[in-house]
Participant: 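Next up is a structure, given as structure tokens.
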Amino acid sequence: MYLGWALAGLSVAICFIIALLLLTAIFRKRKTSNPHKIESEGKGLQWVYIGTGISTVILFVLVIYSLTVLNQVAKPSQTPSITITVTGYDWWWKVEYEHDDPAKRFITANEIHIPVGQSVLIKLKSADVIHAFWVPKLAGKTQMIPGLINQQWIQADVPGVYTGQCTQFCGVGHAHMSLEVVAESVEDFEKWQNAQRQPATQVLRAEQDSGYKLFMDRCAGCHAVRGTDAKGEHGPDLTHLNSRRRLAAGVLTNTPDHLMEWIGNAQLLKPGSRMPSFKLSESEISALALFLSTLD
Ligand code: HEC
Ligand SMILES: [Cu+2]
């Protein structure tokens with residue numbers, strides 16, 4: 001896209017022409033002996049018309065040129081093969097992979113996986129206030145507005161982890177609302193996707209666990225674990241919690257220690273967060289940790 005260079009070049013050229021005309025005007029001497037005598041009225045007016053005409057034509061051409069380029073940029077190079085709906089919450093991201101077959105849809109949070117070299121359509125929604133989705137290396141900012149579905153598409157041509165951030169001030173947790181886009185080979189992406197589609201694996205064994213019961217009592221109102229009775233929607237889906245790189249939209253790296261630290265001190269680690277801090281006994285902590293460790 002040469003739009004930027006074309007605009008800059010033209011601006012410079014026009015500056016030069018204007019400077020040149022100004023200098024000629026300054027240094028050209030009037031021929032009349034009396035400089036105060038105005039020559040026949042209206043004679044200079046035609047130049048105003050000509051000048052305005054030239055400017056209008058140039059600007060009009062530039063508008064068309066810009067719109068054409070913008071239109072090209074706004075479209076993906078290929079029709080997106082994957083559609084993901086990302087919903088902004090105070091202060092985390094719900095990520096839903098769409099599919100025509102309901103059995104192949106799944107929900108995760110704060111981490112988006114995409115195959116390298118493919119364009120992916122992202123539908124952007126908000127559950128509460130205005131947020132904005134921005135992964136600087138992949139695409140521009142797009143607002144997430146309650147009641148509206150905005151769209152953008154992203155494509156990563158190099159594998160890697162691309163960090164994104166909410167860029168619309170949305171309250172106390174705003175600075176702690178980041179996400180990651182993991183771009184990986186098609187095979188790795190398929191593997192990840194198939195794993196995410198599965199319900200939680202160890203649940204049957206876990207049902208006897210006191211950790212499982214504790215989770216159902218204290219956490220299931222806000223969190224879902226597919227394959228169990230936990231169907232809460234106020235917080236991130238935890239079915240494959242341990243597959244994620246970070247906790248709480250980027251606040252902590254996801255390790256077993258950090259996980260229990262988060263549960264005990266969510267309010268301290270992410271002030272204002274919509275998850276309460278839990279005061280649990282030693283035995284409750286180890287039981288809960290055991291249950292959570294099964295959420296691969
Ligand atoms: C009142 C609702 C609520 C309850 C109850 C609750 N949580 Fe949360 N939880 C949230 C919200 C909201 C978040 C997102 C916090 C953020 O990132 O701002 C969250 C985040 C988390 C995360 C981080 C998930 C991720 O992918 O980043 C974990 C793990 C978690 N909660 C575990 C638990 C456990 C275990 C319990 C029960 C002891 C529990 N939560 C109880 C609302 C709740
Ligand atoms: Cu924000």
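Treat the numbers as computed from the prediction; the structure is a model and nothing was measured. Numbers here simply count residues along the sequence, with the first being 1. Read the numbers this way: they start at 1 and go in the same order the structure lists the ligands and their atoms. Worth knowing before you read on, the calculation uses all heavy atoms, side chains too, and leaves out hydrogens, waters and symmetry mates.
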Participant: Near atom 8 (Fe) of ligand 1, which protein N/O/S atoms are found at less than 2.8 Å?
Facilitator: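 Less than 2.8 Å away from atom 8 (Fe) of ligand 1 sit H223 NE2, M275 SD.
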Participant: Is D100 atom CG crowded by more than 12 heavy atoms from other residues, nucleotides or ligands, each under 6.0 Å away?
Facilitator: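 No, the 6.0 Å shell around CG holds no more than 12 heavy atoms from other groups.
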Participant: Before giving the answer on side-chain contact (heavy atoms from CB on, under 4.5 Å), spell out for V186 and V116 the whole-Å C-alpha distance, their side-chain angles and the decisive distance to 0.1 Å.
Facilitator: CA-CA 7 Å; V186 179; V116 159; over 6 Å; no
Participant: At less than 4.0 angstrom from any non-hydrogen atom of A248, what atoms of ligand 1 do you find?
Facilitator: 17 (O), 23 (C), 25 (C), 27 (O)
Participant: Show the atoms of ligand 1 that are less than 4.0 angstrom away from any heavy atom in L247.
Facilitator: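 Checking each atom against L247, I get 27 (O).
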Participant: Using a heavy-atom cut-off of under 4.0 Å, does the side chain or the backbone of M177 touch ligand 1, or both, or neither?
Facilitator: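 None of M177 does.
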Participant: Pairs in or reaching into residues 169-185: which pass salt bridge (charged side-chain N to carboxylate O under 4.0 Å, His left out), with residues at least two apart or in two chains?
Facilitator: E180-R245, E180-R246
Participant: Check each atom of ligand 1 against the heavy atoms of R274 and keep those under 4.0 Å away; list them by number with element.
Facilitator: 1 (C), 2 (C), 12 (C), 42 (C)
Participant: Taking N or O atoms only and a 3.5 Å limit, does R218 qualify as a polar contact for ligand 1?
Facilitator: no
Participant: Is the F169 to H174 ring centre distance short of 6.0 Å?
Facilitator: yes
Participant: Step by step, work out the ring pair (Phe, Tyr, Trp, His ring centres under 6.0 Å) result for W262 and F278.
Facilitator: CA-CA 9 Å; W262 165 253; F278 285 87; over 10 Å; no
Participant: Parallel, tilted or perpendicular for W192 and F106, by the 30°/60° rule?
Facilitator: perpendicular
Participant: Quick one: do the H258 and T253 side chains pair a donor with an acceptor below 3.5 Å?
Facilitator: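 Per modelled atom types, H258 and T253 side chains form a pair under 3.5 Å.
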Participant: Parallel, tilted or perpendicular for F291 and F215, by the 30°/60° rule?
Facilitator: tilted
Participant: Has ligand 1 got any nitrogen or oxygen that is less than 3.5 angstrom from a nitrogen or oxygen of F215?
Facilitator: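 Between F215 and ligand 1, no N or O pair is found under 3.5 Å apart.
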Participant: W262 heavy atoms, cut-off 4.0 Å: which ligand 1 atoms fall inside?
Facilitator: 15 (C), 20 (C), 21 (C), 22 (C), 23 (C), 28 (C), 30 (C), 31 (N)
Participant: Can you check which of E111, H234, K270, E284 brings a heavy atom nearest to atom 12 (C) of ligand 1?
Facilitator: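 It is H234 whose heavy atom sits nearest to atom 12 (C) of ligand 1.
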Participant: Under a 3.5 Å threshold, yes or no: a donor from one side chain and an acceptor from the other, between D237 and T239?
Facilitator: yes
Participant: When you check the space around the Cu ion (ligand 2), which protein N, O or S atoms turn up under 2.8 Å?
Facilitator: C166 SG, Q168 O, C170 SG, H174 ND1
Participant: Aromatic contact between W5 and Y2, with the criterion being ring centroids under 6.0 Å apart: yes or no?
Facilitator: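 Not close enough - the centres of the two rings lie 6.0 Å or further apart.
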Participant: Quick one: look at V251 and ligand 1, take heavy-atom pairs under 4.0 Å, and tell me if it's side chain, backbone, both or neither.
Facilitator: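 Looking at V251 and ligand 1, no heavy atom falls under 4.0 Å.
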Participant: Could you see which bit of L259 sits under 4.0 Å from ligand 1, with heavy atoms only: side chain, backbone, both or neither?
Facilitator: side chain
Participant: For ligand 1, which part of N110 has a heavy atom less than 4.0 Å away: the side chain, the backbone, both, or neither?
Facilitator: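 It is the side chain that touches ligand 1; the backbone stays farther off.
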Participant: Classify the ring geometry of F133 against W93: parallel below 30°, tilted from 30° to 60°, perpendicular beyond 60°.
Facilitator: perpendicular
Participant: Is it the case that atom NE2 in H234 sees more than 12 heavy atoms from other parts of the structure closer than 6.0 Å?
Facilitator: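 Counting neighbours around NE2 of H234, 12 or fewer heavy atoms of other residues, nucleotides or ligands fall under 6.0 Å, so no.
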Participant: State, with a plain yes or no, whether a side-chain heavy atom of K125 is found less than 4.5 Å away from one of M144.
Facilitator: no
Participant: Should we say atom CD of Q267 is surrounded by more than 12 heavy atoms from elsewhere, each under 6.0 Å from it?
Facilitator: yes
Participant: Using a strict 4.0 Å cut-off to heavy atoms of R244, name the atoms of ligand 1 that fall inside it.
Facilitator: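 Listed by number with element: 25 (C), 26 (O).
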Participant: Does anything in residues 110-122 pair up under salt bridge (charged side-chain N to carboxylate O under 4.0 Å, His left out), and if so which pairs, sequence neighbours excluded?
Facilitator: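 Output for this query is empty, none listed.
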Participant: Answer side chain, backbone, both or neither: which part of Y89 comes under 4.0 Å from ligand 1, heavy atoms only.
Facilitator: neither
Participant: Are a donor atom and an acceptor atom from the side chains of Q155 and Q118 found within less than 3.5 Å of each other?
Facilitator: no
